[in-house]
Number of protein chains: 2
Amino acid sequence: MSDSDATAPGDTIGERHESTGGLELGEYVPYLLNRAGAKIAAAFTEVVRDYGLTLPMWRVMAVLRDDGPSRMRHISERTTIEVSTLSRVVDGLEKRSLVVRRRETSDARSVRVALTQTGIDVTDRIIPIAKRYESTALSDLSDAETEQLKSLLRRVYQSMASLD
Amino acid sequence: MSDSDATAPGDTIGERHESTGGLELGEYVPYLLNRAGAKIAAAFTEVVRDYGLTLPMWRVMAVLRDDGPSRMRHISERTTIEVSTLSRVVDGLEKRSLVVRRRETSDARSVRVALTQTGIDVTDRIIPIAKRYESTALSDLSDAETEQLKSLLRRVYQSMASLD
DNA sequence: ATACAATAATTGCAAATACAAATAAATCCT
DNA sequence: AGGATTTATTTGTATTTGCAATTATTGTAT
């Protein structure tokens, strides 16, 4: 399939830089990745807003539901939210009684964040919607292609993660 | 790697639900997408900082290099940067003499943003670095797999874009 | 044990961001 | 043509973010 790029070749104004210079964004993986991710994020931001949540809040909750009570550092790594930012996101969740912070007994520097029952309930109410959105995103892909995509994304992540 | 997995099973608040409940983040495409994108973005943020640029600034410049002089609306769509935010990003680029704003002659509501010669030069100096980072991200993938990934990402984007 | 570096989380603060309102110009309608 | 409507962009403002500094605790070396 030829690329369905929105770039009209016969643009009237301004010179184009077709063959020379450019990055060819339509072929540039970081661009394609960001674009796809941003679209899904934008859509889901609206969903969680109906539950009084921001997207970062939801991401934290999803991680806690999946991994169980966790330390800030762990949540930060899994959500890609900076710890300092995360600290305030958790403030918000705590204020809404969706999570509790508790000092770790084994290491008093650490904090253990856990969903409350309300937090679990809210998360479980949103999860089916999240899955529906995922289905929408993948609606044009066969099951095999979906698995292929997941695998490729994991490998790209690994390659980048090996840098730090 | 090797996560601190400090999940104590006998916890009172927020039990773990292995097979049930959770979203299985490791299988959840929006998560994988965001994670891979965030890693690349983080890495490249450091690169462009050496050029006195933020990542959004760089994205705008890359679009302008690729598409030629463009309107705000167009740049906003291509970069997924909100127009109001974009307006201030362009302010910054203009202050650095990397772009110029000019009123469109055909439609005086619109603004045409164009790279200056300096802007072109800076962009062209960063592009090879961008390509190197892309190569790193894709270092584990064959050429065929890379093409596959691009195609899948385009199709995911299309499916989401068809919602609005 | 005692000082010294490393780790976990929070907080201060400046910069970046998003939403809504304002401004300005083109298009539509009758 | 003239008033209402839509479109393109900018600005006001409250919120969010990220970096650096701070606090508290643990690990380590002597």
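Just the heavy atoms: all of them, side chains too, but no hydrogens, waters or symmetry mates, feed the values below. Remember, it's a predicted structure, so these values are computed and weren't measured experimentally. Just so it is clear: chains get the letters A, B, ... in the order the sequence lines come, proteins before strands, and each one is counted from 1.
Checking D:dT9, D:dT11, C:dT11 against every side-chain atom of B:Arg71, the shortest atom distance belongs to D:dT9. Considering only the side chain of B:Asp107, C:dA25 comes nearest among C:dA25, C:dA9, D:dT10. Nearest nucleotide to the side chain of A:Thr54, out of C:dT17, D:dT16, C:dT11: D:dT16. When distances run from any side-chain atom of B:Arg109 to the nucleotides C:dA8, C:dT10, C:dA26, the shortest one goes to C:dA26.
At whole-Å resolution of the value, CG in B:Leu53 and P in C:dA15 are 17 Å apart. The interatomic distance linking B:Arg88 (CZ) with C:dA16 (P) rounds to 11 Å, in whole Å. Atom-to-atom, CD1 of B:Ile81 to P of C:dC19 comes out at 14 Å; the value is rounded to the nearest Å. Distance, A:Leu93 CG to D:dT16 P: 12 Å, rounded to whole Å. Summarising the geometry, the separation between CZ on A:Arg112 and P on C:dA9 is reported as 11 Å, rounded to the nearest angstrom. Whole-Å rounding puts the B:Met57 CE to C:dT17 C1' distance at 14 Å. Following rounding to the nearest Å, B:Leu55 (CG) and C:dT17 (P) show an atom-to-atom distance of 9 Å. Whole-Å rounding puts the A:Arg49 CZ to D:dT16 P distance at 12 Å.
Take the nearest nucleotide of DNA chain C for A:Val83 and for B:Thr85: the residue whose nucleotide is more 5' is A:Val83. Positionally, the nearest nucleotide of DNA chain D for A:Pro56 lies more toward the 5' end than for the other of A:Pro56 and A:Thr105. Of the two residues contacting DNA chain C, namely A:Arg101 and B:Glu82, the nearest-nucleotide position lying further toward the 5' end is that of A:Arg101. For A:Ser84 and A:Ser106, each mapped to the nucleotide of DNA chain D holding its nearest heavy atom, the one lying further toward the 5' end belongs to A:Ser84.
Two residues are said to be in side-chain contact when any heavy atoms from C-beta on lie closer than 4.5 Å; B:Ile120 and B:Leu98 fail this criterion. Using a 4.5 Å heavy-atom cutoff, the side chains of A:Ile40 and A:Tyr133 are not in contact.
With values rounded to the nearest 0.5 angstrom, B:Leu141 atom CG is found 4.5 Å from A:Arg155 atom CZ.
Between A:Lys150 and A:Glu147 there is a salt bridge, with a side-chain nitrogen of the basic residue lying less than 4.0 Å from a carboxylate oxygen of the acidic one.
Within the 4.0 angstrom heavy-atom criterion, only backbone atoms of the sugar-phosphate kind lie near B:Ser110; the bases stay farther away.
Between the side chain of A:Thr85 and the main chain of A:Ile81, no donor-acceptor pair closer than 3.5 Å is present.
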